[in-house]
Number of protein chains: 2
Amino acid sequence: MPGDEKTQEAGGMTDNLEKKLEELCKEKGMRVTEQRRIILKILSDSPDHPNAEELHRRVVRLAPSISIATVYRTMNTLESYGLIERHIFADGRARYEAGGSEHHDHLVNVETDEIIEFRCDEIEELQKKIADEHGFDIVGHRFEIYVRAKKRR
Amino acid sequence: MPGDEKTQEAGGMTDNLEKKLEELCKEKGMRVTEQRRIILKILSDSPDHPNAEELHRRVVRLAPSISIATVYRTMNTLESYGLIERHIFADGRARYEAGGSEHHDHLVNVETDEIIEFRCDEIEELQKKIADEHGFDIVGHRFEIYVRAKKRR
DNA sequence: ATCACTATTGCGACTCACTCTCAATTATTG
DNA sequence: CAATAATTGAGAGTGAGTCGCAATAGTGAT
């Protein structure tokens, strides 16, 4: 089905990110290793926000010799160049998300551990206002709402 | 200066919290130990949000034999009964705050590590709305804005 | 294709914040 | 004051993540 640009299925974002990885590496004199390519691909195919262990579990299915240390290292370098995002929710462990999507915050379902992304421009605005009123510039923020399914009645 | 109820200086909240500690202990069959009293007093006299190590440092000045394990344990039990609050900001370590003050979120000055509390009812409302729209009840939230002093120009 | 160069990897040792175990201590109740 | 059991201090243990190092493998030049 050539020319069918609308498909967003498996591997959707991947090519895009793989290209970015290559650019980044060239630019920074880093190497495009199998490990980096695979780890980034698997992360970008993950619709959830896996932690290092879970990500490693998925990576190993495809390339058994990749160590978890490499997963950690890859997340660190790629995060520092903005290719992926790291979040730390209430359980204290880092979870990762392929970059590229527009900014959003998270609902965390405490019963299922599921993460739901949301975006609220009013809140973004209010933040800016608050920081501004206190004489600050914003360098970042963290916003999570911990929730559970509404009790029907 | 008897009758001068306005003074909010050293020990302001303390008597209040010490009473709560005693009530809590009686109610739960826990003991009102020197350690608990001192740790809670020192925390409630701390205008900042010390982590366990810093809190322990302050505690030890008054009672050198109190161990850091006891600080951790005390924070855990008191938090579980709502007498204090635990926050984990970007550095990943727990920081503590004596309870009793009304709900607020935090600005974190990334340059000085200073914590500034703020409260924004609009944001609280928006949160509820967001959770509601997704079919959830809120069980908690975390909201921090990381900032730095505005660059004057 | 081969080489030289050096970034990256896998491994296991290590760190750091925090928790647990356990014998000794001490608050509480009678 | 004695009996009871919660609490403590000390140090060992835990778990996520980092680090040092020898072996491996991208990369650009030949």
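Keep in mind the model is a prediction, meaning the values are calculated, not measured. Convention: sequence-line order gives letters A, B, ...; per-chain numbering from 1.
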Between [X] ([atom1]) and [N] ([atom2]), how many Å, whole number?
| X | N | atom1 | atom2 | answer |
| --- | --- | --- | --- | --- |
| B/Ile38 | C/dA27 | CD1 | P | 11 Å |
| B/Leu21 | D/dA6 | CG | P | 17 Å |
| A/Leu24 | C/dT8 | CG | P | 10 Å |
| A/His56 | D/dG15 | NE2 | C1' | 16 Å |
| A/Glu79 | D/dT18 | CD | P | 10 Å |
| B/Ile66 | C/dT26 | CD1 | C1' | 14 Å |
| B/Lys28 | D/dT7 | NZ | C1' | 18 Å |
| A/Asp91 | D/dG15 | CG | P | 14 Å |

Could you pull out every donor-acceptor pair under 3.5 Å between side chains of residues 130-139 of chain B and any protein atom, sequence neighbours left out?
{"unit_1": "B/Asp132", "atom_1": "OD1", "unit_2": "A/Lys150", "atom_2": "NZ", "d": "2.7"}

Would you say [X]'s side chain and [Y]'s backbone share a donor-acceptor pair under 3.5 angstrom?
| X | Y | value |
| --- | --- | --- |
| B/His56 | B/Ile66 | yes |
| A/Tyr146 | A/Ala90 | yes |
| A/Arg37 | A/Glu18 | no |
| A/Tyr96 | A/Leu55 | no |

Any Lys/Arg nitrogen of B/Glu54 or B/Arg58 sitting under 4.0 Å from an Asp/Glu carboxylate oxygen of the other?
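Salt bridge present between B/Glu54 and B/Arg58.
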
For B/Arg73, what residues pass the side-chain contact (heavy atoms from CB on, under 4.5 Å) criterion, not counting sequence neighbours?
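With sequence neighbours excluded, B/Arg73 shows a side-chain contact (heavy atoms from CB on, under 4.5 Å) to B/Ala69, B/Thr70, given in chain and number order.
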
Salt bridge (charged side-chain N to carboxylate O under 4.0 Å, His left out) with B/Asp113: which of B/Arg148, B/Arg93, B/Arg95?
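Among B/Arg148, B/Arg93, B/Arg95, the one meeting salt bridge (charged side-chain N to carboxylate O under 4.0 Å, His left out) with B/Asp113 is B/Arg95.
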
Side chains of A/Glu97 and A/His49: is there a donor and an acceptor less than 3.5 Å apart?
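Their side chains do contain a donor-acceptor pair, which is all the 3.5 Å distance test asks for.
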
side-chain contact (heavy atoms from CB on, under 4.5 Å) between B/Lys20 and B/Leu40: does it pass, once the steps are laid out?
CA-CA 11 Å; B/Lys20 278 199 178 176; B/Leu40 184 57; over 6 Å; no

Closest heavy-atom pair and its distance - B/Cys25, B/Val32
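Closest approach of B/Cys25 to B/Val32: CB-CG2, 3.6 Å.
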
Let me test you: for the helix from C/dA1-D/dT30 to C/dG30-D/dC1, what is the angle between the axes at its two ends (five pairs each), rounded to 10 degrees?
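Computed angle between terminal axes is 40°.
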
Does A/Thr70 put a side-chain nitrogen or oxygen below 4.0 Å from OP1 or OP2 of C/dG10?
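Affirmative; the distance criterion is met.
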
Could you tell me whether the phosphate oxygens of C/dT8, OP1 or OP2, come under 4.0 Å of any side-chain nitrogen or oxygen in A/Arg36?
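So the side-chain polar atoms of A/Arg36 do come within 4.0 Å of the phosphate oxygens OP1 or OP2 of C/dT8, strictly under.
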
Quick one: does A/Arg73 reach the base of C/dG10 with a side-chain donor-acceptor pair under 3.5 Å?
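Under the 3.5 Å cut-off, the side chain and the base do form a donor-acceptor pair.
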
Sugar-phosphate means primed atoms, P, OP1 and OP2; the rest is base. With that split, encode nucleotides 23-30 of chain D 5' to 3' as B, S or - using protein heavy atoms under 4.0 Å.
--BBS---

Take nucleotides 13-18 of chain C nucleotide by nucleotide from the 5' end and write B, S or -, depending on whether a protein heavy atom sits under 4.0 Å from the base, only from the sugar-phosphate, or from neither.
----SS

Pairs under 3.5 angstrom only: tabulate donor-acceptor contacts from the side chains of residues 119-127 of chain B to other protein residues two or more places apart or in another chain.
{"unit_1": "B/Arg119", "atom_1": "NE", "unit_2": "B/Asp121", "atom_2": "OD1", "d": "3.4"}
{"unit_1": "B/Arg119", "atom_1": "NH1", "unit_2": "B/His103", "atom_2": "O", "d": "3.0"}
{"unit_1": "B/Arg119", "atom_1": "NH2", "unit_2": "B/Asp121", "atom_2": "OD1", "d": "2.9"}
{"unit_1": "B/Glu124", "atom_1": "OE2", "unit_2": "B/His103", "atom_2": "NE2", "d": "3.0"}
{"unit_1": "B/Gln127", "atom_1": "OE1", "unit_2": "B/His141", "atom_2": "ND1", "d": "3.1"}

Within the structure shown, what part of the strands sits under 4.0 Å from B/Ile68 by heavy-atom distance: base, sugar-phosphate, or nothing?
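Contact class for B/Ile68: none.
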
